[in-house]
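Working notes, beginning with the structure itself.
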2 protein chains.
Amino acid sequence: MTHVQPNLSFEKPFTTVDIVIFSVQDNKLKVLLVKRPSNASEPYPNQWALVGGFVDVQLDADLEATARRKLFEKTHVKTAYLEQIGSWGNATRDPRGWSTTHVYFSMLAMNHAEQLKSGANAQDVQWFDVVENGVQTALAFDHAHLLAVAIERLRNKVEYTSLPAFLMPTLFTLKELQSTFEAVLARPLERSAFRTRILATDLLEATPHFKTAANRPAQLYQLKSNLQPVYFQRTFNPIK
Amino acid sequence: MTHVQPNLSFEKPFTTVDIVIFSVQDNKLKVLLVKRPSNASEPYPNQWALVGGFVDVQLDADLEATARRKLFEKTHVKTAYLEQIGSWGNATRDPRGWSTTHVYFSMLAMNHAEQLKSGANAQDVQWFDVVENGVQTALAFDHAHLLAVAIERLRNKVEYTSLPAFLMPTLFTLKELQSTFEAVLARPLERSAFRTRILATDLLEATPHFKTAANRPAQLYQLKSNLQPVYFQRTFNPIK
DNA sequence: AAAATAGTGTCTCTTAGACACTATTCC
DNA sequence: GGAATAGTGTCTAAGAGACACTATTTT
């Protein structure tokens with residue numbers, strides 16, 4: 001199909017992508033933030049912000065490509081769970097003009113998150129504790145709001161999916177998985193019900209390995225399929 | 001805060017908004033589509049498409065304003081349930097260049113949907129039956145895909161929310177509400193369980209009116225709060 | 001043996017499904 | 001009274017919470 005180049009010379013909004021990168025370390029939910037450049041001609045200089053940036057129509061085939069590019073730039077992680085949580089756009093969120101952002105959230109496995117700590121530009125990229133619905137730092141743009149929505153969405157989804165499994169290292173015990181769920185949800189879960197629920201799904205497989213400590217060793221498990229969460233559905237049941 | 005106008009002269013994607021407008025008529029799930037202009041310099045002339053268009057940075061304060069503006073232009077409905085389902089963007093979905101769309105879905109109450117039928121530009125705006133995951137017509141752009149996602153999201157959400165209540169006229173019976181749920185889900189539900197579930201929530205209030213027919217009259221109900229769905233949550237319960 | 005945590009079993013509670021039974025209207 | 005659908009009640013099944021009991025390791 002060929003088309004004449006149309007007269008679409010009206011003003012276009014800026015198009016950006018932001019990624020809320022979650023991880024659990026020391027049983028605490030964390031989010032990765034970057035420091036904005038100190039250049040005073042940039043908005044919000046030196047403030048912390050979500051990982052993100054402009055869509056590059058030359059580089060990026062689609063929005064997810066922008067997200068993965070930004071994710072890789074800051075974390076050097078190529079494959080991670082990535083899910084879009086929505087988009088926002090208005091005239092005032094960016095002082096440079098009408099702008100839109102397509103927001104994703106990502107879950108980094110602990111081992112990947114650990115690597116980062118000792119990585120390069122460590123001052124500019126940092127993990128922040130999630131407290132309630134945000135972090136205890138002012139964020140650039142409307143990022144505090146975007147983060148709050150991401151946290152809410154994450155917690156909501158963890159109620160009925162196996163998402164936190166993506167935060168685990170390769171081998172882990174059921175107790176460790178439960179602790180991760182609890183860190184995300186910010187509330188304790190009942191041990192027996194948790195085990196039953198998780199083991200009833202096709203999510204994990206037991207390995208021949210055990211984690212030893214000053215007590216009975218715990219079975220080590222690993223994820224079965226790698227990047228799709230399991231849904232615990234308890235809704236209307238289909239009629240037989 | 002003041003900023004110098006930055007050097008952001010790189011190419012920007014087009015920014016559009018599309019709305020998937022649902023309704024249930026004659027116990028069938030319907031979606032509202034519009035016919036693209038016949039002007040051959042426009043992409044997909046004369047094809048059916050979702051309601052939508054470009055963000056107008058002069059007119060629209062935010063993306064939802066664009067959505068409501070487009071919704072009103074085609075339906076003359078000012079208030080309707082409106083929810084964003086995500087955004088899409090890539091280099092190829094629009095032949096005019098890299099474009100993004102922010103997709104919303106909306107639910108029109110039956111009485112509003114009825115009005116439309118006899119409205120103006122009736123040839124250009126039409127209700128289509130939803131069959132499986134789409135309509136039996138080719139759609140412009142990637143709209144068939146967007147529609148499929150919207151239908152899936154709708155069905156998914158109806159499993160654990162009261163969304164179909166927004167499709168009802170002011171007064172309705174429980175049987176009618178159940179039929180609407182069934183139309184959306186495309187499967188039958190059990191009568192007793194449905195009644196128990198709905199009445200257990202704070203969604204409806206009984207009115208003094210009854211719907212009479214050639215049998216026992218049915219109580220007429222109306223929605224309590226107007227634009228927020230009720231969630232039937234059955235997940236991890238909080239520990240006491 | 002004591003401490004500590006892993007793992008299991010059992011009872012209860014809640015909610016949905018199945019299905020029968022009662023209620024109320026029109027004809 | 002018969003037909004038809006509204007509305008209720010009762011039993012069962014499944015899964016989660018509560019919680020105790022057993023199992024296996026280190027010290």
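Computed from heavy atoms alone, side chains included, the values below leave out hydrogens, waters and symmetry copies. Quick caveat: nothing in here was measured; it's all calculated off a predicted structure. Just so we're on the same page: letters track the sequence lines, and every chain starts at 1.
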**Report entry** Under 3.5 Å side-chain donor-acceptor pair for B/Tyr81 and B/Glu83
**Finding:** yes

Query raised in the report: Do you see a donor-acceptor pair shorter than 3.5 Å between the side chains of B/Ser87 and A/His102?
Result: yes

Query raised in the report: What do you reckon, are the aromatic ring centroids of A/Phe181 and A/Phe194 less than 6.0 Å apart?
Result: yes

Using whole Å, what does the distance between atom [atom2] of nucleotide [N] and atom [atom1] of [X] come to?
X        : N      : atom1 : atom2 : answer
B/Arg197 : C/dA16 : CZ    : P     : 6 Å
B/Lys211 : D/dT5  : NZ    : P     : 12 Å
A/Glu190 : C/dT12 : CD    : P     : 16 Å
B/Leu199 : C/dA16 : CG    : P     : 12 Å
B/Ile198 : C/dG17 : CD1   : P     : 12 Å

Query raised in the report: Rounded to the nearest 0.5 Å, what separation is found between the CG atom of A/Leu167 and the CD atom of A/Glu176?
Result: 13.0 Å

**Report entry** Cation-pi geometry met for A/Arg153 and A/Phe105 (6.0 Å, 45°)
**Finding:** no

Report task. Answer yes or no on whether B/Lys78 is positioned over the face of B/Phe72, meaning its NZ or CZ is under 6.0 Å from the six-membered ring centre and within 45° of the axis. Result -> yes

Query raised in the report: A/Ser192 near the nucleic acid: base, sugar-phosphate alone, or nothing, with a heavy-atom cut-off under 4.0 Å?
Result: base

Requested in this report: Please work out if A/Ala213 contacts a base, only the sugar-phosphate, or nothing of the nucleic acid, heavy-atom cut-off 4.0 Å.
Outcome: sugar-phosphate

Mind listing the N/O atom pairs, protein and nucleotides 5-7 of chain C, below 3.5 Å?
residue : atom : partner  : partner atom : Å
C/dT5   : O4'  : A/Asn215 : ND2          : 2.9
C/dA6   : N3   : A/Arg216 : NH1          : 3.2
C/dG7   : OP1  : A/Gln219 : N            : 2.9
C/dG7   : OP2  : A/Arg195 : NH1          : 3.4
C/dG7   : OP2  : A/Arg195 : NH2          : 3.1
C/dG7   : O5'  : A/Arg195 : NH2          : 3.2
C/dG7   : N7   : A/Arg191 : NH1          : 2.7
C/dG7   : N7   : A/Arg191 : NH2          : 3.4
C/dG7   : O6   : A/Arg191 : NH2          : 2.8

